[in-house]
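Note sheet for the following structure.
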2 protein chains.
Amino acid sequence: MTAPQGNALIGQSGGPTAVINQSLVGLVEACMQAAPIREVYGAINGIQGVLDERFVNLGLESPADLERVAQTPAAALRSVRKKPSREDSIQALEVLRVHDVRYFFYIGGNDSAETAHLLNGVAVEQGYDVRLFHVPKTIDNDLLETDHCPGYGSAAKFVAQALMGDNEDNRGLGGIKIDVIMGRNAGWLTAAGALARIGEGEGPHLIYLPEVDFTWDGFLDDIARNYEEHGRCLVAVSEGIHTPDGALVAQSKEQDAFGNAQLSGSGSLGDLLASRVKQGLGARFDGPLRVRADTFGYLQRSFHGLVSSVDAAEAREVGRAAVRVATSDDVPHGSIIIRREGNGSDYRASYDWCPLEKVARETKEMPAEFLRGSNDVSPAFLDYARPLVGDLPPVGRLSDHPVPKRR
Amino acid sequence: MTAPQGNALIGQSGGPTAVINQSLVGLVEACMQAAPIREVYGAINGIQGVLDERFVNLGLESPADLERVAQTPAAALRSVRKKPSREDSIQALEVLRVHDVRYFFYIGGNDSAETAHLLNGVAVEQGYDVRLFHVPKTIDNDLLETDHCPGYGSAAKFVAQALMGDNEDNRGLGGIKIDVIMGRNAGWLTAAGALARIGEGEGPHLIYLPEVDFTWDGFLDDIARNYEEHGRCLVAVSEGIHTPDGALVAQSKEQDAFGNAQLSGSGSLGDLLASRVKQGLGARFDGPLRVRADTFGYLQRSFHGLVSSVDAAEAREVGRAAVRVATSDDVPHGSIIIRREGNGSDYRASYDWCPLEKVARETKEMPAEFLRGSNDVSPAFLDYARPLVGDLPPVGRLSDHPVPKRR
C-alpha cells in the first residue's frame with residue numbers, strides 16, 4: 001500500500017494551547033519535505049472550513065513567519081467546536097477529493113480524533129485513498145494511549161508558577177485562598193499545582209480532583225485543619241469536582257446565579273466555594289475569615305510568553321512524526337502518541353502512533369497511583385509531571401533571624 | 001540636622017507585587033552601607049509586627065539569599081492591612097525607641113504612606129528623632145507625586161501578555177470575551193491591556209476604566225458594533241467601573257449572590273457582565289452568543305517568574321534611594337518618588353522625595369489626556385506605559401494565502 005501522491009490539509013480544533021501552533025508548523029515543515037506531498041493547505045476553522053472550502057496555502061508562508069506563528073498561542077488556523085454528522089463527513093470527503101487531498105492532519109483532542117475517525121469511515125466506504133491523522137493537543141492531558149499530551153506541559157507550568165506566586169501572596173496576607181483550575185473530566189492540570197509546593201506546610205495545602213469524590217464536610221474539615229496549623233490555606237480545585245452522586249459542584253443550584261452552565265469562563269464555582277467556606281468556618285474561628293477565590297480561566301491555556309520548552313519541542317515533533325507515519329507505506333490512519341523513554345534527568349520522548357478509534361471520544365483519568373488520599377497527589381505524579389514542565393523559578397525566603405524583644 | 005546614629009527598621013504593607021521584595025533588598029543593601037545605620041531590622045507583618053515587637057535581623061541574611069528574595073513575588077516580611085490608631089502610633093513609636101530605631105522604611109501604597117505620616121506626627125510631638133520614609137509600591141499605579149509606582153510595570157506586563165494570548169484565543173474560537181482587571185479607583189492596570197493590541201481591529205477592542213462613567217446601553221452597543229465588524233470582541237474591564245451615579249457595577253444587587261462585597265478574589269463582576277451581554281445581545285444576533293468572562297484576580301499581582309526588568313530595577317533603586325535621602329542631613333521624613341527623564345528609547349528614571357502628606361491617603365486617577373472616548377486609551381498613554389513594561393513577545397500570524405475553491 002504505497003503512500004499516495006497528492007496534497008496535504010491541516011486543521012485545528014477545540015480549545016487552544018500555548019504550543020498548538022508548534023504542531024502546525026512541525027506539520028508544514030515536514031509536509032514540505034515529504035516526497036509524496038505536493039501542496040500543503042490549511043483549513044480555516046477546522047472541519048467547518050473543510051465543509052466551506054475555506055483553504056489557505058501554507059506552503060507560501062516564509063520560514064520566519066512560520067517560526068513566529070509557532071511561538072504564538074492559540075490556533076493560527078482558527079479553531080472550531082463541531083462534531084460532523086454523517087452528511088457532513090460525506091461532504092467533507094468530497095471537498096478533500098476535489099482538492100486532491102491525500103493527507104489530512106487534524107490537531108486537537110479526543111473530539112478531533114473522533115472527527116478524523118468519522119471521515120476515515122467514509123473514505124474507506126468510498127475507497128478514496130486519504131490518510132487521516134489525529135495530532136494530539138490538549139491542556140487537559142486526558143487522551144488515551146499517549147503518555148502525555150502536547151499543550152499540557154505549558155499549561156501545567158502556568159498553573160505551577162501561578163500557585164507559587166499565590167503561595168507567597170497567601171503567606172504574606174494570610175487567610176484562605178481557593179484557585180479553580182481547568183479540567184472537566186480529569187485532574188491532570190489541577191494536580192500540576194503540586195509542583196508549586198516548595199516544602200512541608202507550603203501551599204497548595206489541598207488539591208481536589210475529579211478523580212476523587214468531593215464532599216462538603218471533608219472540604220471544610222480539611223481547610224479548617226490547615227488553617228489552624230498554618231494560619232492560612234491555599235487550595236487548588238479542579239472545575240470538574242463532583243459529589244459522590246456524580247453531580248458537578250459547579251452546577252449546584254446556589255451558584256447558578258445567571259443561568260450560566262459552562263464551567264470555564266465563569267467565576268461561579270470559585271465564588272460558591274469561597275462563600276461556603278465563609279459560612280461553614282466563620283463560626284469556628286475568631287474574627288472574620290479572609291477567604292478569596294480565583295478562577296484561572298483562559299489564561300492557563302493561552303497566556304502569551306510562558307511555555308515549557310520540553311512541551312514546545314514535543315509539540316513540534318508530534319507534527320513532524322505525523323507526516324513521517326502518514327507517508328510511510330502501511331499506515332492509512334492513526335493518532336500520534338508520545339512514549340516516555342526514561343524519567344527524571346534521563347527523560348526523553350519517542351513518537352509512535354495508534355489507531356484513531358483508540359483515542360476518539362474517550363478521556364483518560366489520573367490513575368490511582370498518582371493520587372494521595374482525598375486531597376493530594378502522590379510523589380509518583382510529581383515524577384511524571386516534572387520533566388514535562390521543566391525548571392520552575394526558585395523561591396527566596398528570609399531566614400527570619402529573631403531580634404530579642406526589649407519590652 | 002545631622003542624620004541620627006541608630007538602627008533601621010523595614011516593613012511591608014498592603015497587597016503584594018512581583019517586585020516589592022526588590023525594594024526590600026535595595027533597602028537592606030543600602031542600609032548595610034550607610035554610615036549612620038547600625039542594625040537593619042525587619043518588622044514581620046508591617047505595623048502589626050512593630051506593635052507586637054516581632055522583628056528579624058535582616059543584616060544576617062546572605063547576599064545570595066537576599067538576591068533570591070528580591071526575585072520572589074509578594075512580601076517576604078509578610079504584610080498587613082492595618083491603619084494604626086493614635087494609641088497604636090504612640091505604642092509603635094515606643095517600640096521604635098526601645099530598639100533605638102532611627103530609620104523606619106515602610107514599603108506600600110497610599111495607606112502605608114498614611115501610616116508613616118501618623119507615626120511621624122507622634123515622633124515630632126515627642127521630639128524623638130526618627131526618619132520615617134514611605135517606599136512606594138502598588139500594581140494600581142495610583143500614588144500621587146511619583147510618575148509611576150514600582151510593581152505597576154510587572155503587573156502591566158502580565159495583563160498585556162494575558163490579553164495578547166486571549167486575543168489569539170478569541171480570534172480562534174470567536175465570541176465575546178470579557179476580562180476583569182484590578183484597579184478600584186484608577187484604571188492604570190486595565191489600561192495597560194491596550195499594550196496587547198497588535199493592530200487595527202485587534203483586541204482588546206474595548207477598555208472600560210473607572211475614570212469614565214459606565215452605562216449598560218453604551219457597553220452593549222459598543223460590544224454589538226465590534227462583534228458585527230469582527231465576528232468577535234475582546235473587552236478589558238476595570239473592577240472599579242461605576243455608573244454615572246457613582247455606584248460600583250461590581251456591587252449591583254444582581255451579582256451579590258453570596259453576600260461578597262470585595263471586588264477582587266471573586267468572579268462575580270465578570271459573571272454579571274457576561275450574563276448581561278447574553279441577555280442584552282442574544283436577540284440581536286442569530287444563534288447563541290458565546291460569551292465568557294475571566295477575572296485576572298491575584299495572578300496579576302503575584303505571578304511568579306514574570307517581571308518587567310525595568311520595574312524590577314526601579315523597585316530595587318527606590319529602596320536604595322530611600323536610604324540615601326533618609327541618611328542625608330536635612331530630610332526627616334518623606335515618600336520616595338520616581339521622575340521620568342526622557343521617554344521612548346530615551347526613557348530613564350531619576351529618584352527624588354516629597355513630603356509624606358502629599359502621598360498619604362489620596363489616589364491618582366488617569367489624566368484626561370490618557371483616555372480616548374468612553375472605551376479606550378490614547379496613544380499618549382501607550383507612550384507612557386511602554387517603557388515601564390518593556391518588550392512584549394511578538395505575535396505570529398499566517399498570511400492566509402487563499403486556495404481557490406473548486407466546487
Side-chain angles (χ1 to χ4, degrees), chain A residues 16 41-42 53 55-57 60-61 65 68-69 71-79 95 98-99 161-162 164-166 168-169 171-173 257-258 260 265-268 270-271 275 292-295 297-299 302-306 393-403 405-407, chain B residues 16 41 53 55-57 60-61 65 68-69 71-79 95 98-99 161-162 164-166 168-169 171-173 255 257-258 260 265-268 270-271 275 292-295 297-299 302-306 393-403 405-407:
Chain A
Y41 298 154
E53 227 187 319
F55 291 171
V56 294
N57 193 328
L60 300 179
E61 300 285 342
D65 281 351
R68 264 191 298 275
V69 166
Q71 289 171 28
T72 299
L77 284 170
R78 280 125 289 173
S79 191
V95 174
V98 298
H99 284 275
Q161 291 187 206
M164 291 178 90
D166 215 15
E168 299 308 304
D169 195 322
R171 179 171 179 262
L173 281 164
F258 313 115
N260 300 325
S266 157
S268 49
D271 287 352
S275 163
R292 299 286 186 273
D294 274 330
T295 303
Y298 288 9
L299 301 195
S302 56
F303 192 88
H304 188 26
L306 193 93
V395 170
R397 291 277 180 86
L398 297 172
S399 302
D400 286 350
H401 302 281
V403 174
K405 297 199 180 195
R406 300 199 171 192
R407 298 208 313 162
Chain B
Y41 299 152
E53 227 187 320
F55 292 168
V56 295
N57 193 330
L60 301 179
E61 300 286 341
D65 281 351
R68 264 192 298 275
V69 166
Q71 290 172 28
T72 299
L77 283 170
R78 279 125 286 170
S79 192
V95 173
V98 299
H99 284 275
Q161 292 187 204
M164 291 179 90
D166 214 15
E168 300 307 303
D169 194 323
R171 180 173 178 259
L173 282 164
Q255 79 33 274
F258 312 117
N260 299 326
S266 157
S268 51
D271 288 354
S275 164
R292 300 285 187 274
D294 274 332
T295 302
Y298 288 8
L299 300 194
S302 56
F303 192 88
H304 189 26
L306 192 92
V395 170
R397 289 279 179 85
L398 296 172
S399 302
D400 286 352
H401 302 282
V403 174
K405 296 199 180 195
R406 301 200 169 194
R407 298 208 316 162

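Letters A, B, ... mirror the listed sequences (proteins, then strands); counts begin at 1.
Contact detail for D271(A) and G267(B): the closest heavy-atom pair is OD1-N, 3.0 Å. Considering every non-hydrogen atom in both V403(B) and V56(A), the closest pair reads CG2-C, 3.5 Å. Residues L299(B) and L299(A) approach most closely at CD1-CD1, 4.2 Å, considering heavy atoms. Nearest heavy-atom pair, G297(B) versus D294(A), reported as atom, atom and distance to 0.1 Å: CA-OD1, 3.1 Å. Here the closest non-hydrogen pair linking D169(B) and S302(A) is OD2-OG, 3.1 Å.
Of the listed residues (A76(B), S79(B), P402(B)), the greatest number of heavy-atom pairs within a distance under 4.5 Å of chain A belongs to S79(B). For the options H99(B), R406(B), E168(B), Q71(B), heavy-atom pairs under 4.5 Å to chain A are most numerous at R406(B). Ranked by heavy-atom pairs under 4.5 Å with chain B, the list V395(A), D65(A), L60(A), L306(A) is led by L60(A). For the options A74(B), G172(B), G305(B), heavy-atom pairs under 4.5 Å to chain A are most numerous at G172(B). For the options N57(B), V95(B), D400(B), heavy-atom pairs under 4.5 Å to chain A are most numerous at D400(B). The candidate with the highest count of non-hydrogen atom pairs below 4.5 Å against chain A, out of R397(B), R68(B), Q161(B), M164(B), is Q161(B). Annotation: maximal heavy-atom pairing with chain A below 4.5 Å, among G270(B), A75(B), A162(B), P73(B), occurs at A162(B).
Although no hydrogens or angles enter the test, the distance criterion places no donor-acceptor pair under 3.5 Å between the side chain of D166(B) and the main chain of Y298(A). Between the side chain of H304(B) and the main chain of P394(A), a donor-acceptor pair closer than 3.5 Å is present.
With contacts defined as side-chain heavy-atom distances shorter than 4.5 Å, the pair P16(B)/L173(A) qualifies.
Contacts between L77(B) and chain A at a heavy-atom distance below 4.5 Å involve backbone atoms as well as side-chain atoms.
Looking at residues two or more places apart in sequence or on another chain, you find no side chain to side chain donor-acceptor pair (under 3.5 Å) involving R171(A).
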